[in-house]
Amino acid sequence: MAGGASSPALVAAVSEAGGLGFLAAGYKTADGMYQEIKQVRGLTGRPFGVNLFLPQPEYPGAVTGSTGAVRAAHPVTAAVDVYRHQLAGEAAWYQTSLGDPDSGRDDNYDAKLAILVEDPVPLVTFTFGCPTREVIAALRNVGTRTAVTVTTVDEALAAQWSGADAVCVQGIEAGGHQGTHRDNPEADGSGIGLLALIAQVREAVQLPVIAAGGIMRGAQIAAVLAAGAELAQLGTAFLVTPESGAPALHKQAMTDPLFTRTELTRAFSGRPARGLVNRFLREHGPYAPAAYPEVHHMTSPVRKAAAKAGDPQAMALWAGQGHRLARELPAGQLVEVLAAELAAATAALGQQGAA
Ligand SMILES: Cc1cc2nc3c(=O)[nH]c(=O)nc-3n(C[C@H](O)[C@H](O)[C@H](O)COP(=O)(O)O)c2cc1C
């Protein structure tokens with residue numbers, strides 16, 4: 001969970017309790033990622049994973065490093081410039097400036113990979129694209145297992161071709177960004193629910209499936225395992241734990257009756273991500289352009305200023321569809337509760353099967 005939620009303390013607590021904690025490398029410098037890896041190692045000797053964002057390809061025909069006038073000639077950069085004007089009032093209201101949309105598209109991917117090959121961790125997962133076969137092979141050579149987040153069968157096929165060890169099948173219910181390999185506005189509204197997607201991926205590829213999206217209870221873990229997944233992945237459920245580094249306002253919003261719905265939106269980052277519907281999402285979501293990470297960079301100061309001002313209405317309140325079921329338990333205890341619920345649900349299913 002990029003953005004601070006997956007703190008080293010949360011990763012370690014989950015792994016210590018028998019889960020598999022994941023450190024988010026997204027939005028961090030390579031050294032920032034490495035420092036956190038060392039902190040996790042200091043807290044637990046148990047396996048954990050690191051999650052990387054794929055660099056975003058240049059837009060076809062984009063002119064880089066040129067004047068503003070030439071930049072505006074490209075449809076995507078022109079759309080970003082329009083959105084910048086539409087957000088001017090937000091920056092003024094929160095007494096800040098919009099960020100530079102051209103602050104970087106690669107998320108320091110190569111430098112992070114170099115560290116992970118030099119000083120391996122047990123697992124590396126990828127989102128927003130599929131790594132090359134060379135990258136997967138380099139990690140395998142140093143004993144690291146890999147998984148790629150997929151939201152369609154085609155993406156799962158690409159992950160299998162790349163040589164990944166598993167696919168993380170992310171349903172449309174999931175909190176935060178959809179890990180879609182290429183953002184395609186024409187596909188808006190065609191996102192696939194988790195159970196439907198697990199079944200399709202199982203029949204298309206031979207890789208083990210990690211299921212993610214809307215899972216908040218052990219009985220749901222039993223359901224995705226019954227559907228063919230090997231593992232379940234939970235984000236929102238752990239976001240509210242004391243170990244999570246998510247801002248207190250974000251944690252409180254999960255079960256605040258003020259926030260009744262989640263929606264997929266490009267308002268904050270330019271890529272579809274599921275968050276609680278607040279004022280910013282409602283106002284800007286309808287016209288936010290498909291321009292990641294430009295929109296992410298541009299809105300970053302506004303989101304930070306809103307958080308500092310104690311105003312959740314312009315923060316990116318990422319949340320899965322199950323957010324209302326969030327339980328504010330210590331992370332280790334949450335793993336234990338989920339395991340007990342899973343055991344109970346599995347036993348109940350067994351009894352029904354025998355009857
Ligand atoms: C706050 C937040 C941050 C997230 N950040 C990442 C990330 O950095 N990388 C990633 O692959 N997925 C990220 N996700 C998505 C999760 O990996 C996962 O797909 C999702 O949390 C599952 O749905 P759930 O939140 O309903 O459990 C994030 C989710 C949330 C809620």
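Order of appearance sets the numbers: ligands from 1, and atoms from 1 within every ligand.
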| field | Lys/Arg cation over aromatic Trp318: Arg274, 6.0 Å, 45° cone | value |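 No, Arg274 and Trp318 do not form such a contact.
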| message | Using side-chain contact (heavy atoms from CB on, under 4.5 Å), reason through Lys304 and Tyr94 one step at a time and then give a plain yes or no. | response | CA-CA 9 Å; Lys304 282 187 189 139; Tyr94 291 103; over 6 Å; no
| Can you pull the residues with any heavy atom under 4.0 Å from ligand 1? |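 Shell around ligand 1 (4.0 Å, heavy atoms): Met1, Ala2, Asn51, Phe53, Thr127, Gln170, Ala174, Gly175, Gly176, Ala212, Gly213, Gly214, Gln233, Leu234, Gly235, Thr236, Leu239, Trp318, Gly320.
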| message | Show me the pairs that pass salt bridge (charged side-chain N to carboxylate O under 4.0 Å, His left out) and involve residues 185-208, at least two apart or across chains. | response |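 Found Asp188-Arg266, Arg202-Glu230.
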| Would you say the ring centroid of Phe53 lies under 6.0 angstrom from that of Phe126? |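 Aromatic pair excluded; centres sit 6.0 Å or further apart.
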| query | Are the aromatic ring centres of His296 and Phe268 under 6.0 angstrom apart? | reply |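 Centroid distance His296-Phe268: not below 6.0 Å, so no.
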| query | Per the side chain to side chain contact (heavy atoms under 4.5 Å, CB included) rule, which among Thr265, Thr262, Leu264 passes with Leu281? | reply |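 The residue from Thr265, Thr262, Leu264 that satisfies side chain to side chain contact (heavy atoms under 4.5 Å, CB included) with Leu281 turns out to be Thr265.
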